[in-house]
Undergrad: 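Pasting a structure here, questions to come.
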Amino acid sequence: MKKLLSVILVLSMLLSAASLASAENEKSVNIGVTSTVATLNPLAMDATEIVKYSTSLVFQSLVEADRELNFVPVIAESITTEDNIHFTIRVRDEAVWSDGTPITAEDVEFTLVIGADPQCANISLAMYSIVGVSDDGIIEENAESIEGIKVVDEKTLTVETKYPTALSTFENNFGRYALILPKHVLKDVPRADLLTYEWFNHPDVISGPYFIHDYDLQHYVHYVANENYFLGAPKIKYLNINVLAPTQLLAGLQSGEIDLIQQTMGDIPVEDYEAVKALPNVKAVPSTPVTNELIFVNVSHIPDVRVRQALLYGMDRQAMVENLLGENGTVVDGFLVPASPYFSEELGVTAYDPEKAASLIAEAKADGVSTELTWYVNSSESVWGNAVQYFAAMFEEMGLKINLRTVDIANLMTIVDEGSHDILSVEYTLMPADPYTDIAWLIGGQSLWTGYTSPETDEALALSQELTDPAEITAQYLVVNQMMQKDAPVISGWVIGKMGAVSNRLVNATADVFGTFLNVQDWDIQ
């Protein structure tokens, strides 16, 4: 009997250990987001944070920004330059694909070449700045190389740009947004098929910490851990991105159905901030105001500067911040937020002046200019949506008819690609340490966001890439923002310090505008 009891006890202990091991291996974390995921194909990646982070969990970038706004290694060990023209990229020795194949300089070259091929070009990359690429950002179809990109050895390549490019800009654009692809898997796929290649929805060779397990881009993306991730196997086996309405986030945090909300992927309504702070099972994570609600005016649709200026003068932005955001928001003009090292107090803020706005509208109308406009708003930004409704009502009293259209982020990006908007507004987080990449993308004669360009902004942006003194760089961005005040192709609605949240059961994780997923492999369940 004693022997039998001993056997039973040992079996019980083994079963208990096996059960614990099974539970250990089945850990799952849920991330709440409020925008649909437009694509999981890195080549089709748009300017939205939801797509960047959803995709880079699978295919990683060369570098990424951390919470202190430093660019830190991911696939690249380093990116260096001595003259802001010639850049050297060194790939980590330990970086490997999930099938064990080393990630090489040829993979990086292949990714950049693909990114400029007109059959599958990634329009969010500034490929036009590289020697051998046209000013439209493309090369010949099916080209195998680019003049300005040279593979030095298995882990090293160089990139030459046509004109001076600040290291921070090179790291932000090519380092963060070129998600490296496996040449040995994709080299024989016809280039014309890559943008719609089904393999990207369930790739079997990846560089990131997670494989795609299942997805419905309107509702969720489910991931499973890459046990061969070169920075270490993730402790959390299953990671889920769940698309929810903003009003569902508080309840999800409270019930424990949501473990993390990252500030640029999930939009917690401002009216819920205090309730989130009060939850005993959650750590609320306020952020510095860095997310700019930018209003893009399509100058090809609204060529009369008086109408654009009327939009700037006719919005009582300060009152909206005080009533809807309180201490969580601020008002600026132009692109830069106070957290940027290149922000200038000298710019000031254009004061609300409804009489001047009405006068400008009346002048334009008397000259036969249309004063009926369509304004597209992101449906997930409920608080901003309320502000725009108020602005539209005030503009009608001033003589300007605004037709509001509320659409989700995926449709909003389609509208941008078509250039079919009069006015469009969306939360936009410019990298404070490198405003150039986004500003150059958002204004310029070829920009579908605004179609705006001017000699003053072109010259100032070019100088910002050549100068090294922060004060001199700040002076150039001041010129750009002064032109935004004068010509009003871009208006800042407000700058918001968005709130993130992390469940107390999730350790080694925090929510921040930058750097949240840098250590995702180390997240664990308490």
Undergrad: Would you say N298's side chain and G419's backbone share a donor-acceptor pair under 3.5 angstrom?
TA: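 Confirmed, N298 side chain pairs with G419 backbone.
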
Undergrad: Backbone N or O of F59 within a donor-acceptor pair of the S56 side chain at under 3.5 Å?
TA: no

Undergrad: Would K498 and D267 count as a salt bridge (charged side-chain N to carboxylate O under 4.0 Å, His left out) if you check the C-alpha gap in whole Å, the side-chain angles of each, and the deciding distance to 0.1 Å?
TA: CA-CA 8 Å; K498 303 189 71 177; D267 190 15; 3.4 Å; yes

Undergrad: Look up atom CE in M127 and atom CZ in F174, then write down how far apart they are to the nearest 0.5 Å.
TA: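 M127 CE to F174 CZ: 5.5 Å, rounded to 0.5 Å.
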
Undergrad: Show every donor-acceptor pair shorter than 3.5 Å between a side-chain atom in residues 485-497 and any protein atom, with sequence neighbours excluded, or say none if there are none.
TA:
| from | atom 1 | to | atom 2 | distance (Å) |
| --- | --- | --- | --- | --- |
| Q485 | NE2 | D333 | OD2 | 2.8 |
| Q485 | NE2 | L347 | O | 3.3 |
| D487 | OD2 | Y452 | OH | 2.7 |
| S492 | OG | N292 | OD1 | 2.6 |

Undergrad: Going by atom types alone, do S134 and D136 pair a side-chain donor with an acceptor below 3.5 Å?
TA: no

Undergrad: Using the test ring pair (Phe, Tyr, Trp, His ring centres under 6.0 Å), find all partners of Y342 that sit at least two apart in sequence or belong to another chain.
TA: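 Y477.
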
Undergrad: Using 0.5 Å steps for rounding, measure from the CG atom of L412 to the CG atom of D417.
TA: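 If I round to the nearest 0.5 Å, the distance is 10.5 Å.
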
Undergrad: Looking at CD1 of I31 and OG of S54, how far apart are the two atoms once the value is rounded to the nearest 0.5 Å?
TA: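 Answer for the CD1-OG pair, I31 versus S54, is 8.5 Å.
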
Undergrad: Under a plain distance cut-off of 3.5 Å, with no hydrogens placed, do T437 and N173 share a side-chain donor-acceptor pair?
TA: no

Undergrad: Other residues, nucleotides and ligands only: do more than 12 of their heavy atoms fall within 6.0 Å of CD on E459?
TA: no

Undergrad: Taking NZ, NE, NH1 and NH2 as the nitrogens, is one of them in K183 or D107 under 4.0 Å from a carboxylate oxygen of the other?
TA: no

Undergrad: Quick test of your reading of the model: are K27 and D524 salt-bridged, counting only N-O distances below 4.0 Å?
TA: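 Yes, K27 and D524 are salt-bridged.
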
Undergrad: Does the gap between the ring centers of F211 and Y223 come in under 6.0 Å?
TA: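 Not under 6.0 Å, so no.
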
Undergrad: May I ask you to decide if E472's main-chain N or O and D469's side chain share a donor-acceptor pair within less than 3.5 Å?
TA: yes

Undergrad: Ignoring hydrogens and geometry, is there a side-chain-to-backbone donor-acceptor pair from S344 to E346 under 3.5 Å?
TA: yes

Undergrad: For S425, is there any backbone N or O sitting under 3.5 Å from a side-chain donor or acceptor partner on N378?
TA: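 Between the backbone of S425 and the side chain of N378 there is no qualifying donor-acceptor contact (under 3.5 Å).
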
Undergrad: Can you find a side-chain donor-acceptor pair between T264 and Q262 that sits under 3.5 Å?
TA: yes

Undergrad: Identify, with sequence neighbours excluded, every residue that meets salt bridge (charged side-chain N to carboxylate O under 4.0 Å, His left out) alongside D259.
TA: R505

Undergrad: Return all side-chain donor-acceptor pairs below 3.5 angstrom for residues 70-80, not counting sequence neighbours, or 'none' if the list is empty.
TA:
none

Undergrad: Checking Q60 against Y229: is there a side-chain donor and acceptor pair closer than 3.5 Å?
TA: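 The criterion, which ignores hydrogens and geometry beyond distance, is satisfied for Q60 and Y229.
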
Undergrad: For S35 and D408, test the side chains for any donor-to-acceptor distance below 3.5 angstrom and give the result as yes or no.
TA: no

Undergrad: Kindly indicate, with the supporting measurements, whether the criterion ring pair (Phe, Tyr, Trp, His ring centres under 6.0 Å) is fulfilled by H222 and Y220.
TA: CA-CA 6 Å; H222 296 166; Y220 61 82; 4.3 Å; yes

Undergrad: How about D512 and S287: does a side-chain donor come under 3.5 Å of a side-chain acceptor?
TA: no

Undergrad: Which word best sums up how the rings of Y428 and W449 line up, parallel for under 30°, tilted for 30 to 60°, or perpendicular for over 60°?
TA: perpendicular

Undergrad: Assert yes or no for the condition that the ring centre distance of W441 to Y177 is strictly below 6.0 Å.
TA: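 No - the distance between ring centres of W441 and Y177 does not fall below the 6.0 Å cut-off.
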
Undergrad: Does H202, at its NE2 atom, have more than 12 non-hydrogen atoms belonging to other residues, nucleotides or ligands within less than 6.0 Å?
TA: yes

Undergrad: Using a strict cut-off of less than 4.0 Å between a Lys/Arg side-chain nitrogen and an Asp/Glu carboxylate oxygen, indicate whether E227 and K237 qualify as a salt bridge.
TA: no

Undergrad: Apply side-chain contact (heavy atoms from CB on, under 4.5 Å) to A475 and list each qualifying residue two or more places apart in sequence or on a separate chain.
TA: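 Partners of A475 by the side-chain contact (heavy atoms from CB on, under 4.5 Å) criterion come out as none, since no residue qualifies.
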
Undergrad: Does a side chain donor of either T39 or N41 reach within less than 3.5 Å of an acceptor in the other side chain?
TA: no

Undergrad: Ion pair present between K162 and D135, side-chain N to carboxylate O less than 4.0 angstrom?
TA: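 D135 and K162: salt-bridged.
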
Undergrad: List the atom of R176, the atom of S61, and the distance in Å for their closest heavy-atom pair.
TA: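 The pair with the smallest heavy-atom distance is O-CB, 3.4 Å.
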
Undergrad: Just verifying a value: how many Å separate S207 OG and L231 CG, rounded to the nearest 0.5 Å?
TA: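 With rounding to 0.5 Å, OG (S207) is 10.0 Å from CG (L231).
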
Undergrad: Kindly list each side-chain donor-acceptor pair under 3.5 angstrom involving residues 137-150, sequence neighbours excluded, with atom names and distances?
TA:
| from | atom 1 | to | atom 2 | distance (Å) |
| --- | --- | --- | --- | --- |
| N142 | OD1 | Q119 | NE2 | 3.1 |
| K150 | NZ | E147 | O | 3.3 |

Undergrad: Between H213 and Y238, how do the two ring planes meet: parallel, tilted or perpendicular, split at 30° and 60°?
TA: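 Correct class here is perpendicular.
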
Undergrad: Backbone N or O of A410 within a donor-acceptor pair of the T414 side chain at under 3.5 Å?
TA: yes

